[in-house]
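Have a look at the structure below before the remarks.
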There are 2 protein chains.
Amino acid sequence: MQKGKRHVSLKDLAQELGVSISTVSRALNNHPDISPDITQKVKKLAVELNYTPNPLAMGLLKQATRMIGVIVPDLVTHFYSSIISGIEAIAEEKGYYILITSSGESLQKEIKAVENLLKTRVEGLIVCLSQETKTFEHFDKLIQNNIPLVFFDRVCRTNEVSTVVVDNVQAAQKITKHFYDSGSRRIAYITGPKYLNISQERAMGYMAGLKKCKLKFYPELLEKCNLSTKDAMKATARLLDLPEPPDAIFGINDTVVFAAMKEIKRRGLRIPEDVALVGFTDDFHSTVVDPALTSVTHPTFEIGKEAARLFFKSIENQEKETEQIVLKTKLVVRNSSVKRS
Amino acid sequence: MQKGKRHVSLKDLAQELGVSISTVSRALNNHPDISPDITQKVKKLAVELNYTPNPLAMGLLKQATRMIGVIVPDLVTHFYSSIISGIEAIAEEKGYYILITSSGESLQKEIKAVENLLKTRVEGLIVCLSQETKTFEHFDKLIQNNIPLVFFDRVCRTNEVSTVVVDNVQAAQKITKHFYDSGSRRIAYITGPKYLNISQERAMGYMAGLKKCKLKFYPELLEKCNLSTKDAMKATARLLDLPEPPDAIFGINDTVVFAAMKEIKRRGLRIPEDVALVGFTDDFHSTVVDPALTSVTHPTFEIGKEAARLFFKSIENQEKETEQIVLKTKLVVRNSSVKRS
DNA sequence: AAGGTTTGCGCAAAGGTTTGCGCAAAGAAA
DNA sequence: TTTCTTTGCGCAAACCTTTGCGCAAACCTT
């Protein structure tokens with residue numbers, strides 16, 4: 001072994017033991033052709049010299065890098081970072097590494113991210129679409145070449161690609177019914193970009209919930225925004241400026257709901273007495289605000305874990321079989337939604 | 001090119017053009033030995049066939065993987081995820097990829113993370129220590145082998161390793177003085193594990209601030225907790241149970257401050273009239289709570305960027321020179337700290 | 001025309017690991 | 001003793017890219 005060399009190679013072990021490189025390799029891999037005596041000596045020396053195989057060499061030969069590319073709309077939102085935690089947990093169990101890239105909610109950046117990650121020879125991708133993503137050709141290369149691909153939360157091509165989502169229809173329906181049961185009668189929903197699966201499904205759940213409670217659907221109570229705090233505050237303002245403003249609002253994600261909360265408070269309105277509020281928000285952030293937010297929580301860690309499991313299923317199972325996993329959300333009632341009767 | 005092969009190689013280009021592999025390589029790298037005619041043909045075909053060089057082969061040959069290992073105490077805290085964003089931004093500019101691992105605030109997991117990342121042949125590490133980390137031998141291999149290593153926020157070995165931190169002394173001193181100027185007289189500080197540099201430095205700043213305001217230091221007003229919500233609530237309870245409770249509290253990080261806020265509210269005390277509050281918290285989370293939190297914000301994105309810049313400096317500059325970057329924090333006064341006079 | 005220089009390529013080695021195949025030695029069977 | 005089978009290794013090729021060196025052809029100079 002050369003002085004100053006950072007890593008021990010098979011060659012170093014072979015030279016020290018006076019055997020060939022292939023013998024060392026076979027011994028470390030418990031090959032039956034190698035005697036127990038040589039095997040034991042090789043393994044002992046490998047431990048002493050702290051040998052670790054070079055993944056670059058193995059990846060080059062076997063065309064398998066043990067790396068997964070993960071693309072999320074942004075890195076700083078708790079929702080995504082806790083999903084990544086779940087992905088990482090399963091990847092680590094399988095001896096894989098994840099390469100994380102953020103699309104910054106931009107289609108162009110997402111396209112670039114896909115390209116760059118393929119360049120690194122990741123074995124596949126786990127992706128949540130950006131809010132701008134309406135076209136999906138950038139995933140064609142993966143689909144055509146049978147490169148493992150899994151979408152989570154915001155998904156597309158569900159007939160060709162495995163996905164993990166929550167039951168958005170049911171969640172929005174539950175919220176709407178909870179509002180009704182808690183005394184609200186003019187229920188508004190602030191949705192996101194209309195081509196996102198989650199926007200559509202939550203709108204469907206909202207309307208199903210209205211129907212179930214025998215409430216009429218008013219189009220002006222279904223507002224849209226682009227998932228930024230600023231735009232969400234504007235959407236809330238439009239709702240509160242209506243001749244007959246809503247007495248309950250739920251929003252598509254936590255950024256939107258916190259923005260709505262700010263606008264409601266800014267106007268001196270009381271939550272929930274004047275306007276009840278529910279959000280899709282994690283437990284920590286729901287309890288940090290005042291009043292504590294009634295929220296629908298995603299099992300984010302589970303989403304990440306299931307996405308990773310689907311990924312490994314795709315690797316271990318060369319068939320083009322796809323699977324759609326739908327996880328349940330949970331409505332946790334706190335202080336923001338129940339009006340005093 | 002073989003059917004079903006996912007990536008085009010130099011060999012494929014060479015065969016199609018009837019030249020050698022080395023000619024293709026040289027043409028793509030604008031080598032003067034290759035004629036402009038051949039160079040143009042090679043480049044054109046490379047674009048047509050979407051050739052991308054195999055980073056595994058290059059990494060194997062040049063012993064440079066273009067990958068940086070990043071270890072953070074956890075992935076879901078906004079502080080870390082936004083620092084990672086800054087690291088990623090600079091890495092991307094340099095054509096590098098980051099491999100992120102979380103230590104889960106555990107020394108054992110941190111040790112494992114260092115090992116695992118070195119196994120992948122990352123070119124170096126950018127690390128924030130876990131709260132359990134009191135011993136640093138697991139970084140010796142990097143230091144001895146001149147493998148690039150940068151610490152941020154929670155740091156150690158500052159004579160041997162480059163670091164990026166904020167001016168913790170000055171920040172805590174500023175908070176203490178701000179409390180005094182805003183009407184508070186019994187100022188408490190909830191610190192973290194005492195061997196962390198940030199715990200020590202913020203305690204020093206707290207005491208320097210007391211001295212500056214001619215306030216006496218009371219040991220019972222310097223509480224300690226272990227950075228979990230539960231423990232922080234207990235620490236707050238101990239402070240509020242004192243015969244003479246504090247009329248102002250600041251905490252080591254946002255988890256601690258949010259927990260303190262919860263405990264204060266739980267007791268029906270008013271913020272800031274009964275107990276003023278200041279935290280080390282980002283802008284978004286400070287404005288989401290009620291009352292909006294006076295906070296010291298870290299320039300997290302900048303921390304990430306500077307850490308990455310130090311990393312690349314270490315790569316480009318083989319000297320064992322280290323550098324300590326100290327960034328300024330900013331005290332943003334909102335509604336949680338100023339008592340009515 | 002002969003000798004020297006420049007140009008423009010191809011061969012082969014290097015990095016590290018895995019694995020098919022061949023070979024020699026040892027052991028077993030006829 | 002001879003032949004067959006098994007054991008336990010080493011050689012070399014494969015994966016992909018880069019780069020030193022050599023060689024042949026073309027061009028320039030004497």
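Below, read A as the first sequence line, B as the second, and so on, with proteins coming before strands; counting in each chain starts at 1. Remember, it's a predicted structure, so these values are computed and weren't measured experimentally.
- Look at Glu132(B) and Lys109(B) and you find no salt bridge, because none of the NZ, NE, NH1 or NH2 atoms lies under 4.0 Å from a carboxylate O.
- A 4.5 Å side-chain heavy-atom check between Ile100(B) and Ile98(A) finds every atom pair outside the cut-off.
- Between Lys44(A) and Glu48(A) there is a salt bridge, since at least one side-chain N of the basic residue sits less than 4.0 Å from a carboxylate O of the acidic one.
- Under 4.0 Å is where a charged nitrogen must lie from a carboxylate oxygen, and between Glu323(A) and Lys313(A) at least one such pair does.
- Judged purely by distance below 3.5 Å, without hydrogens or angles, the side chains of Tyr97(B) and Glu92(B) never pair a donor atom with an acceptor atom.
- Residue-level contact check: Val24(A) touches neither bases nor backbone, having no heavy atom under 4.0 Å from any strand.
- Here the side chains of Leu149(B) and Ile143(B) are in contact, with some heavy-atom distance below 4.5 Å.
- In this structure, CG of Leu56(A) is placed 15 Å from C1' of dT18(D), rounded to the nearest angstrom.
- Distance, Gln15(A) CD to dG16(C) P: 11 Å, rounded to whole Å.
- Under 4.0 angstrom from either OP1 or OP2 of dT7(D) there lies no side-chain N or O belonging to Ser35(A).
- Using a cut-off of 4.0 Å between Lys/Arg side-chain N and Asp/Glu carboxylate O, Glu105(B) and Arg154(B) are scored as salt-bridged.
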Query raised in the report: For Ser22(B) and Ser25(B), what are the C-alpha separation, side-chain angles and deciding distance, and is it a side-chain hydrogen bond (donor to acceptor under 3.5 Å, both in side chains)?
Result: CA-CA 5 Å; Ser22(B) 65; Ser25(B) 179; over 6 Å; no
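- Contact annotation: Gln63(A) side-chain N/O to dA14(D) OP1/OP2 distance is not under 4.0 Å.
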Please produce a list of atom pairs where a protein N or O lies less than 3.5 Å from an N or O of nucleotides 17-19 of chain C.
{"from": "dT17(C)", "atom 1": "OP1", "to": "Tyr51(A)", "atom 2": "OH", "distance (Å)": "2.7"}
{"from": "dT17(C)", "atom 1": "OP1", "to": "Asn54(A)", "atom 2": "N", "distance (Å)": "3.1"}
{"from": "dT17(C)", "atom 1": "OP2", "to": "Leu10(A)", "atom 2": "N", "distance (Å)": "2.6"}
{"from": "dT18(C)", "atom 1": "OP2", "to": "Ser25(A)", "atom 2": "OG", "distance (Å)": "2.6"}

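- Summarising the geometry, the separation between CG on Asp12(B) and P on dC16(D) is reported as 8 Å, rounded to the nearest angstrom.
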Query raised in the report: Can you give the dot-bracket line for DNA chain D, using ( ) for pairs inside the strand, [ ] for pairs that cross earlier ones, | for pairs with another strand and . for unpaired bases, where Watson-Crick and G-U count if both distances are under 3.5 Å?
Result: ||||||||||||||||||||||||||||||
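- Distance check: Leu56(B) CG to Leu61(A) CG gives 11.0 Å after rounding to the nearest 0.5 Å.
- If you take NE2 of His7(B) and C1' of dT17(D), they are 15 Å apart, rounded to a whole angstrom.
- Atom C1' of nucleotide dG10(C) and atom CD1 of Ile38(B) are separated by 12 Å, given to the nearest angstrom.
- Taking atom CG on Asp33(A) and atom P on dT6(D), their separation rounds to 13 Å, with Å as the unit.
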